[in-house]
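Note sheet for the following structure.
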Protein chains: 2
Amino acid sequence: MKIDPKSSADLSAQIAKSIRDAIISGEMIVDERLPSEAELADQFQVSRPTVREALKRLAAQNLIRTQRGASGGAFVRRLSYDEAFAQHITTSTLLLSMNAVDFETACEARFALERACARLSAKRRTPDHLATMRAEIHRQAQPGLSDERFCDSDVAFHRALVDGASNPVLSYQLAGAVEAMQPLMNMITFTQRNRDVIIGLHTRIADALEAQDGAAADTALAELTAYTLTLGEEAMAARAAAKAQSER
Amino acid sequence: MKIDPKSSADLSAQIAKSIRDAIISGEMIVDERLPSEAELADQFQVSRPTVREALKRLAAQNLIRTQRGASGGAFVRRLSYDEAFAQHITTSTLLLSMNAVDFETACEARFALERACARLSAKRRTPDHLATMRAEIHRQAQPGLSDERFCDSDVAFHRALVDGASNPVLSYQLAGAVEAMQPLMNMITFTQRNRDVIIGLHTRIADALEAQDGAAADTALAELTAYTLTLGEEAMAARAAAKAQSER
DNA sequence: CAATTTTCATTTGTCTGACATTTAATGTTT
DNA sequence: AAACATTAAATGTCAGACAAATGAAAATTG
């Protein structure tokens, strides 16, 4: 592990990269202990604060964990699905909000991916998944539910659908698309009629999965896509109108 | 922005979280300047090194960039697709390697997602995308191509397929699945016959997209999925046999 | 007056040295 | 043998300093 003294980049960034590469390449394995801060400082010929900054960078990426005390130090960390999920969702959400991705694009991506799971989910869904979906449908039908709670339930429903495919990699990749959409979905005002239509489609999807009919689930999802798109367009139009009004 | 002095967590982690939340919530907008390190230290009642560690954590997540000099400082950074891509791929790759995801699971996820793009790509692919795919097919047919280069080309081909859908969000989510598979794909030894079959399927996919026939593309992708799975199984079996041999 | 150079204040990058805190291992006592 | 105290090693935090970059203001020059 070496660093380039001529590089203009921060030393801490270079050191972090050096260690990160060692971890990613498999040169360092899970739970392996890194040298102590003092040793690293010596090795890279920098001071301890600089090493510490590098280690904090790695900690921010969940690549290492640190432990205080006698036999403490920095250890290569096993990246768990949950952490990867959280990271992925944060990044996806930021990407959408900072780059002003339009509703249509995000919606299309989300449902295209979800439909990819439908077939597998129809084959493998367990009674547990079906129960979760039914429960969320029931929740969505409750009167007086706020739009935000309705969206939460919607995400939970679709999450169950995706998890039904019983493929953690698929669930992981999908989580980003589904959850990152939520801020955009939250802009929509759901009338009772809107909700009825969505609940109807959700029921059809759940029925199709229960009957292990992948094609029917796909069709219902396609309809849900189209319907969500029209809702989104209306919401965006209303938003634009309100903005024009306030600027007048 | 406040921190909890009673918390057992590192101060730098708390400070980082506090600032991160402000950025994610939209409280701080892109290109906005954070207070200087000295001011932050004052504000949070900690020393400058601690603040710096917090800032390095944020820098590692591409949430801020720093600039030296008179009117320098830390600025909220616009997360670009490219950076998000890189981050996503790194995380996905680590997730697969550290959690020993089996070939079958990763392969299934990858192709399920890819098939989700096929329909859209058939509709929207440009001559550019087609040209890229044809070029990669041509490259794959070249004699003497190493297995690794063959895989590279394979990824490039599928990337073009995905990009053909012209949905950056879709491309972003897919990139993780496709690229993270590469280390697993690299374990496979591709015989000439293997390559011929794959190239044939690639050609069928390209033809289908050119004809804007989504269904045909989907069928060819399904066949490619099945074929890749058998190749993977063989490779894993060979690997297991070699291991048993060496342990005997 | 305009253009160029110099100076200067600000801010991040890095270093030194110190102390606090946590924790496991070791030693001591009962 | 078990409970307790000691110690050493490691990270966490701090204070203060200097280096380096950089933009803006001031001084100089043509």
Side-chain angles (χ1 to χ4, degrees), chain A residues 1-20 23 28 31-77, chain B residues 1-20 22-23 28 30-77:
Chain A
M1 296 202 291
K2 284 273 170 62
I3 55 174
D4 177 14
K6 291 180 291 291
S7 169
S8 65
D10 293 359
L11 289 175
S12 69
Q14 289 181 59
I15 294 168
K17 181 177 179 343
S18 174
I19 299 175
R20 176 162 43 241
I23 295 175
M28 302 201 68
D31 287 334
E32 188 174 339
R33 184 178 175 282
L34 274 69
S36 74
E37 294 176 354
E39 285 171 313
L40 285 171
D42 212 50
Q43 208 171 304
F44 286 110
Q45 287 288 302
V46 298
S47 67
R48 194 158 82 94
T50 303
V51 167
R52 281 182 61 78
E53 287 177 11
L55 293 179
K56 293 312 161 202
R57 293 177 118 109
L58 299 175
Q61 298 181 300
N62 289 317
L63 288 175
I64 61 168
R65 71 188 148 78
T66 55
Q67 214 172 346
R68 275 182 21 170
S71 59
F75 299 84
V76 177
R77 185 169 186 181
Chain B
M1 297 201 292
K2 284 272 169 62
I3 55 174
D4 177 14
K6 291 180 291 291
S7 167
S8 66
D10 292 358
L11 289 176
S12 69
Q14 289 181 60
I15 293 168
K17 182 177 180 342
S18 173
I19 299 175
R20 177 164 41 241
I23 294 174
M28 302 202 68
V30 169
D31 286 335
E32 187 174 338
R33 184 178 176 281
L34 274 70
S36 73
E37 294 176 354
E39 284 170 314
L40 285 172
D42 213 49
Q43 208 172 302
F44 286 110
Q45 287 288 300
V46 297
S47 68
R48 193 157 85 93
T50 303
V51 167
R52 281 182 62 77
E53 286 177 11
L55 292 179
K56 293 312 160 203
R57 291 178 119 109
L58 299 175
Q61 298 180 299
N62 289 317
L63 287 176
I64 61 169
R65 69 189 147 77
T66 55
Q67 214 173 346
R68 285 208 331 201
S71 59
F75 299 84
V76 177
R77 185 169 186 183

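Computed from a prediction, not measured in an experiment: that's the story for all the values here. In what follows, every heavy atom counts, from backbone to side chain, and hydrogens, waters and symmetry copies are set aside. Naming convention: chains lettered A, B, ... in sequence-line order (proteins, then strands); numbering from 1 in each chain.
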Round to a whole Å and report the spacing from CZ of B/Phe44 to P of D/dT13.
->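 Rounded to whole Å, this separation is 14 Å.
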Rounding to a whole Å, what distance do you find between B/Leu40:CG and C/dT10:P?
->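 Rounded to whole Å, this separation is 17 Å.
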Got a second to check how far A/Leu11's CG is from A/Gln45's CD, nearest 0.5 Å?
->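 Reported value, rounded in 0.5 Å steps: 11.5 Å.
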Distance in Å, B/Arg57 CZ paired with B/Ile15 CD1, rounded so as to fall on 0.5 Å steps |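 Result: 10.0 Å between the selected atoms.
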Would a 4.5 Å heavy-atom cut-off, applied to side chains only, mark A/Leu63 and A/Ile19 as touching?
->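 Side chain of A/Leu63 against side chain of A/Ile19, heavy atoms only: no contact under 4.5 Å found.
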Heavy-atom side-chain proximity of A/Leu58 to A/Arg77 below 4.5 angstrom |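 A/Leu58 does not reach A/Arg77 side chain to side chain.
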Please test B/Ile64 against B/Glu32 for side chain to side chain contact (heavy atoms under 4.5 Å, CB included), starting from the C-alpha separation and ending with a verdict.
-> CA-CA 10 Å; B/Ile64 61 169; B/Glu32 187 174 338; over 6 Å; no
Protein heavy-atom contacts under 4.0 Å, written 5' to 3' over nucleotides 12-21 of chain C as B (base), S (sugar-phosphate only) or - (none), form the string BBBBB-B--B
